[in-house]
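For the numbers below, each heavy atom of this structure counts, side chains included, while hydrogens, waters and symmetry mates do not. Throughout, protein chains are lettered first and strands after them, A, B, ... in sequence-line order, and every chain is numbered starting at 1. Keep in mind it's a predicted model, so treat the numbers as computed, not measured.
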Protein chains: 2
Amino acid sequence: MDPHLLRTFVTVAECGSFSAAAERLGYTQSAVSQHISALENDLGTPLLRRRPVTPTPAGERLLEHAAPILLRLATARADVRRTLAQPPTALILATTPLATAGAGATAGAGAGAGAGAGAGADAGAAAQPGALAVALREVRRSHPGTEVTLTVCGRDEVVEGVAAGTFAIGLVDGVAAPSDPLRLSDAVHLRTTPVAHDDLIVALPNDHPLAGRRGLALRDLADARWIDAPDLAAPLPVLRAATGSDGFRPAFTYAGTDLHTLLTLITSGHGLAVLPRSVPAPSTVPVMSPRLVHRTELLHGDLSEPAALLLSNLK
Amino acid sequence: MDPHLLRTFVTVAECGSFSAAAERLGYTQSAVSQHISALENDLGTPLLRRRPVTPTPAGERLLEHAAPILLRLATARADVRRTLAQPPTALILATTPLATAGAGATAGAGAGAGAGAGAGADAGAAAQPGALAVALREVRRSHPGTEVTLTVCGRDEVVEGVAAGTFAIGLVDGVAAPSDPLRLSDAVHLRTTPVAHDDLIVALPNDHPLAGRRGLALRDLADARWIDAPDLAAPLPVLRAATGSDGFRPAFTYAGTDLHTLLTLITSGHGLAVLPRSVPAPSTVPVMSPRLVHRTELLHGDLSEPAALLLSNLK
DNA sequence: ACTGTTTACGTCACGCGTAACGATG
DNA sequence: CATCGTTACGCGTGACGTAAACAGT
């Protein structure tokens, strides 16, 4: 189970195609085919059904393990490399778009290069500084000379980037039971600190019958039109799991990280989404049940890094 | 970072010798040497100091990751293989020696083949059935025809065995803060269920000045003579971490899994050990501070396995 | 001097690409 | 028939063992 094989396996599974995976990885289709059959050979069972390319049950089990393994390999490499490098003169702080919600939002500190640095989280007037503001302030105080770049991207990119050492620090938000940690399934080996939490609301169009209600039980909305915005709102599978319902089927998917766009979609009636209370949505109803909160956690790969100081200051 | 390289790296680090590792792995010294330099080359830094063979800081970082990665690779393989096999006609339940403590001990159910099946945990008359008894009973009820073998071994062997699929189920005991899970560092990806807990005591020789006390703070014993019995008692590093002291230095190490032997050692004054309250030690003092408990957790690799039923019955 | 690691070198296998083949919609 | 996966084959790289050089204790 060479990591290369594993990597092409997950890529093929993602792409649903040998040739697409080959291109993405810079191999020939032939090589990819050989990788897969090497794996299948080694494990003694088919992992993919061909045409269409679909994981077999065995393949699904392998997929559950492959990504975390690759992630951890990346972390290992990054961790080792970090022992060599002198304190960086520049570092990147990555965040999911709503990781700043909770205590209030922050002014959009100069968004940096990198990935999908969308509108960020300039979510209106801040009562008290949010997680991002705290993180930024601390980084800058503890590393006066260091050039800090801020990048906004999806959960997975943040986790992968922190694991691989591309990002020094990550802020990730998500939905969890009140005092549970975020289930960053694949990031178990990264150090994690909770930094903020917030209640949840359902964002609604203004004319929605529920608008103005004092609160609601999510279950009752299982059959509503939902927007799946996994990098921004509570992912629908999480809602399904939390309510034990199999509703919450996406009317459509918004893959972006721009809050404003999502709110526009919601307001204009394309569907609902569960968001932290602090977002400036025109019409919202608090989620009373099940008991869930919006949570922000800080991620970092290595305590000997800048994040160490940060950590002690946040605790 | 080929797993093979990683494996020889951890083996070399464990053995403290290239040649010993070579023998253990069935390679020549030369191959081992090449593996290590391949790794060092790939990562761009020395990982081991030679003569004596000792990890560099970079090597230590890598070691932290290597074992879990290898463990998870094993789990992945085992998980995939499991999707193929029909329900087993025989299964092995592995347990650490004291995983049965907590609610009371159990009669030593026929100890099986395998590893170091020592004296097991026949620790006197049981008030109510312990974790092992519960686990065994449930396995046998849910798998009437299945031949169940019980094996007693150290924590690491249990974890590795469950990960690799050698053991269907594992019971692991350890020391943790009152409602924390056991920190089975490398086993994060295995499913885990707490099944029992117990208070902690320090086992003493009869004539020890503290004998008969109502309770004590561990810190006060930091400088006592301690026996390091990592597979049986609370490992000393755990005590150091929990007390924030750097005492608890081992007078000597007992590598076995036999409780009776350890108690004999303690009683005859060779040193102290922290054990669950339910062990039949002649002279004990409850540990009042720090707040720690002895905990038993059930480990299994796959919910679709026998353990699934078990789980639901234990919950 | 002895033990133990590294280096040099030869062999063999493996991994990848090219290209022909096969299957499927 | 067009697309996509598989198989056959050849080449180069890389992995391992043998054996000689080298370095600590």
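- The separation between B:I36 atom CD1 and D:dC16 atom C1' is 15 Å, rounded to whole Å.
- Atom-to-atom, CG of A:N41 to C1' of C:dC14 comes out at 14 Å; the value is rounded to the nearest Å.
- Between the side chains of A:S30 and A:Q34, at least one donor N or O sits under 3.5 Å from an acceptor N or O.
- Nucleotide D:dC4 holds its P atom 16 Å from the CZ atom of A:R24, rounded to whole Å.
- Under 3.5 Å, the side chain of B:T28 and the base of D:dT18 form no donor-acceptor pair of N or O atoms.
- B:L47 has its side chain within reach of B:L62: a pair of non-hydrogen atoms, C-beta onward, lies under 4.5 Å apart.
- Residue contacts shown for A:S19 are limited to sugar-phosphate atoms, with no base heavy atom under 4.0 Å away.
- The separation between B:F18 atom CZ and C:dG4 atom P is 13 Å, rounded to whole Å.
- Atom CD in B:E23 sits roughly 13 Å away from atom P in D:dG17 (whole-Å rounding).
- Looking at A:S33, its side chain has no donor and acceptor atom pair within 3.5 Å of the base of D:dT7.
- Counting heavy atoms from C-beta on, the side chains of A:R225 and A:R249 never come closer than 4.5 Å.
- Rounded to whole Å, the distance from NE2 on A:H35 to P on D:dG5 is 15 Å.
- For the pair A:V32 and B:S30, both in contact range of DNA chain C, the more 5′-proximal nearest nucleotide belongs to B:S30.
- Among the atoms of the strands shown, none is found under 4.0 Å from any heavy atom of B:S37.
- To the nearest angstrom, P of C:dT18 lies 14 Å from OH of A:Y27.
- Mapped onto DNA chain D by nearest heavy atom, B:Q29 and B:A38 fall at different nucleotides, with B:A38 at the one closer to the 5' end.
- Within the 4.0 angstrom heavy-atom criterion, only backbone atoms of the sugar-phosphate kind lie near A:V53; the bases stay farther away.
- Residues B:Y27 and B:H35 place their aromatic rings such that the two centres sit under 6.0 Å apart.
- The nearest whole Å value for the distance from the CZ atom in A:R49 to the C1' atom in C:dA23 is 18 Å.
- When every heavy atom of A:L73 is checked against every heavy atom of B:M1, the shortest pair comes out as O-CE, 3.3 Å.
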